[in-house]
Each structure stands twice: as structure tokens, then as C-alpha cells.
Amino acid sequence: MKELKPLTLGGQLLERPIIISGPCSAETEEQTLETAKGLCANGIKIFRAGIWKPRTKPGGFEGVGEEGLAWLKKVKKETGMYTSTEVATRAHVDAALDAGVDMLWIGARTSANPFAMQEIADALSERGADIPVLVKNPVNPDLELWIGALERLYNAGIRQLGAIHRGFSAYGKHLYRNLPQWHIPIELRRRLPNLPIIHDPSHIGGKRELVAPLSQQAIDMGFDGLIIESHCDPDCAWSDKAQQVTPEVLNYILNTLVYRDEKQSTENLKILRQQIDALDNELLETLNKRMRVSREIGQYKKEHHMPVIQAARYDDIMQSRVGLAKEMGMSGEFMQTVLQAIHEESVRQQIDIFNKR
Ligand code: PEP
Ligand code: MN
């Protein structure tokens with residue numbers, strides 16, 4: 001995905017942190033507008049509201065449907081905010097584009113479904129849509145499936161792509177509604193460094209009180225923005241009420257977040273990272289030399305019909321190195337793990353020599 005374009009709205013590049021907020025669901029015209037006005041008054045520029053709600057079980061609130069698009073239009077007209085909603089089918093894409101929705105996102109249940117993703121990608125492509133499309137991680141912790149969903153959109157010509165990290169479902173009771181599994185979005189960042197990643201603390205935490213700490217964690221990890229559910233009367237919300245906050249609480253949370261000064265710190269970091277790179281190279285060289293000597297020892301043992309493992313020697317090495325490491329301020333356990341790994345590789349290499357004719 002080499003030709004990704006930065007996200008824009010109204011011809012303007014979206015500055016980091018990208019903040020998107022609004023209710024889980026648009027419920028009534030009044031609730032949608034009241035929430036939007038509250039958010040707008042607190043400086044939020046991008047409004048979210050689910051119109052079509054994928055629910056795990058029938059009987060839950062499944063969204064107001066197309067009727068809600070008129071309310072989003074009204075939000076845009078009365079507040080000047082940009083609007084976004086979730087799409088899961090070709091019909092949703094067409095209706096949302098017809099209504100002038102500015103940004104779309106694909107929900108976690110949809111991004112796990114390649115047929116639905118292809119249908120959405122084709123629909124967007126046929127309309128020549130050039131708006132930001134954000135793809136939530138699939139419900140299951142499968143990075144390839146997440147990237148696959150993004151690739152389907154990319155291959156259909158969609159270039160303003162972003163990802164939303166909303167956590168992964170797990171069986172049983174947990175602190176989080178959806179486990180963050182931070183290593184997965186971090187690996188996504190490594191694989192696609194130009195893809196903006198937005199964090200969704202509302203669906204990860206599932207509880208109001210987890211929104212602030214999760215948001216701070218995401219900012220600390222350098223992610224590009226936050227999508228946070230906000231409702232004018234959270235306790236009466238028709239979906240996801242435990243995790244929604246009022247626009248005022250949202251404002252408080254956003255104001256208490258600490259943003260690290262990236263420009264200043266990266267210059268210093270660059271120099272320190274160069275040192276780490278050089279030291280890692282030395283470490284590799286040293287390990288390589290050690291393995292060469294090890295192989296020579298293996299050759300000697302072979303010629304003299306000695307066994308590979310010499311327990312007393314291994315014990316000596318462990319004791320002396322662990323002692324030294326501790327004197328240097330490293331943990332003994334750490335040094336033990338390192339030596340065990342090195343020893344294992346040495347033994348493997350010596351056995352290799354033994355097996356050679
Ligand atoms: C939502 O954003 O309201 C939603 C349904 O989220 P997810 O797809 O992450 O469950
Ligand atoms: Mn929700």
C-alpha cells in the first residue's frame with residue numbers, strides 16, 4: 001500500500017491528534033443534535049454516529065437506518081462539523097455517500113468478513129469515492145485479516161485509509177470489554193508506517209472510567225488519534241451506555257491528556273537509537289565469534305569422543321556470568337535467560353558438527 005494518501009476533510013489535512021466523537025447510535029433527531037452541539041461547543045470537529053448498528057443478538061437496538069442520515073445532514077448544517085458513520089453493505093455506502101457523509105468507518109464484525117469488505121470496496125470504487133475510510137480491527141486478533149480488509153479497499157482505489165484499534169474479543173470476564181492486545185496495532189504500524197491508526201478507548205474499555213487511561217496509553221504509544229463515544233445523556237443511551245461520556249466529560253478527558261513533544265524528543269532519540277543500533281551490531285558480532293569458537297570446541301570434542309554437554313563447565317559459566325551481571329546492575333534472572341539461550345544455540349551448533357561426516 002505504497003500510495004496511501006493522508007486523510008483530509010474539506011480539502012484540509014487532518015492534524016494529529018485526530019479526534020472523532022459522537023454517540024454510539026443516532027437515536028432521535030433531538031439526541032443527535034443536542035450531542036453534536038455539545039461536542040461542537042467543546043471544540044470537536046468530526047462527529048460520529050451509528051445509523052446501522054450490528055448487534056450480536058437480535059432484539060438489541062439495530063439503529064434508526066436511513067432516517068438518521070437526514071439528522072447527520074442537519075448536524076453538518078447547524079454546527080459545521082464533519083460527519084461520519086459506519087457502513088456494512090453496498091446499500092449503506094450508497095445511502096451515506098448520497099447524504100454527503102464525510103467519512104466512513106467499517107465495523108469490527110464487517111472487517112472480519114472478506115465478502116462484505118469486497119462489496120464495500122466495489123461500491124466505493126464504483127462511486128469514485130475519495131473520502132477517508134477507517135477500518136476497525138476485526139473482532140478476532142488476526143492482523144492479516146485486518147490488513148486484508150484494508151488491502152481490498154486499497155486495491156479498489158481507495159487511498160485515504162486509516163485503521164481503528166477497538167480491541168479484540170476474548171472468552172470470559174476481563175477488565176476490558178475488548179482486550180487491547182497492543183502488540184497487534186504496534187505490528188500494524190511497523191508493517192504499514194504511513195497508515196494512520198486511531199484508538200477507540202470506548203469499545204476497548206467498555207466503561208466510562210477506562211476512557212481516560214486508555215486514551216493516554218494510546219497517545220503515549222504515538223497513535224494518531226482517538227474515536228470516543230459521547231452522548232448528551234449517557235445513562236439513557238439506547239446502545240453502549242456504560243461506555244459513553246457527556247461532551248463536557250469528554251472535554252475534561254481531552255484536556256487532561258498529556259501529549260509528548262515529539263519534535264524535540266525525536267532528535268535526541270535519533271542519536272541514542274544510533275548508539276543502540278551500533279551496540280546491537282557489536283553484540284551480534286560477538287555472538288557470532290562465540291559461536292565460531294563453540295564450533296571449534298565441538299570439533300575437538302568430536303575428535304576426542306567427548307560428549308557435547310559438559311555440565312560442570314556450564315554451571316561454572318552460569319555462576320560466574322550471573323554474578324558479574326548482578327555486579328553491573330542487571331538482574332540475575334535476565335542473565336540466566338540470556339545464557340541459557342546462548343548455550344542452547346552453542347549446543348545446537350556443536351551437534352551440527354557431530355552430525356557432519
Ligand atoms: C461502534 O463504533 O459503535 C461499533 C459498533 O463498534 P465495533 O464495530 O468496534 O463493535
Ligand atoms: Mn458503540
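Remember, predicted model here, so these are calculated numbers, not experimental data. Order of listing sets the numbers, starting from 1, for every ligand and every atom in it.
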At less than 4.0 angstrom from any non-hydrogen atom of [X], what atoms of ligand 1 do you find?
X: E86; value: 4 (C), 5 (C)
X: G107; value: 8 (O)
X: E229; value: 1 (C), 3 (O)

ask   = Do W238 and H231 have ring centroids that are under 6.0 Å from one another?
value = no
note = atom 4 (C) of ligand 1: of R109, H203, R48, the nearest heavy atom sits on H203
message = When you measure from the heavy atoms of C24 to every atom of ligand 1, does any distance fall below 4.0 Å?
response = yes
request  = With D240 as reference, evaluate K53, R166, R177 under the salt bridge (charged side-chain N to carboxylate O under 4.0 Å, His left out) test and give the passing residue.
outcome  = R177
Minimum-distance protein heavy atom relative to [atom]:
atom: atom 8 (O) of ligand 1; answer: A108 N, 2.9 Å
atom: atom 6 (O) of ligand 1; answer: K136 NZ, 2.9 Å
atom: atom 9 (O) of ligand 1; answer: R166 NE, 2.7 Å
atom: atom 3 (O) of ligand 1; answer: K53 NZ, 2.8 Å

Test: K270 and D277 ion pair at under 4.0 Å = no
query = Would you call D130 and R159 a salt bridge, using N to O less than 4.0 angstrom?
reply = no
inquiry  = Donor-acceptor pair, distance only, cut-off 3.5 Å: does the side chain of E229 make one with the backbone of Q244?
reply    = no
message = Using the side-chain contact (heavy atoms from CB on, under 4.5 Å) definition, which of the options I147, L192, L161 pairs with Y154?
response = L161
query = Protein N/O/S atoms under 2.8 Å of the Mn ion (ligand 2)?
reply = C24 SG, H203 NE2, E229 OE2, D240 OD2
ask   = To which residues is L14 joined in a hydrophobic cluster, defined by side-chain heavy-atom contacts under 4.5 Å among Ile, Leu, Val, Met, Phe, Trp and Tyr, whether direct or through other members?
value = L7, L9, I18, I20, I46, Y82, M103, W105, L134, I164, I198, I227
message = The test is side chain to side chain donor-acceptor pair (under 3.5 Å); show your working for Q340 and Q336 and say whether it passes.
response = CA-CA 6 Å; Q340 262 160 11; Q336 221 163 353; 5.9 Å; no
ask   = Mind checking whether F168 and H165 have parallel, tilted or perpendicular rings, split at 30° and 60°?
value = tilted
message = Apply side chain to side chain donor-acceptor pair (under 3.5 Å) to residues H92 and E86 and explain how you reach the verdict.
response = CA-CA 8 Å; H92 296 166; E86 173 173 342; over 6 Å; no
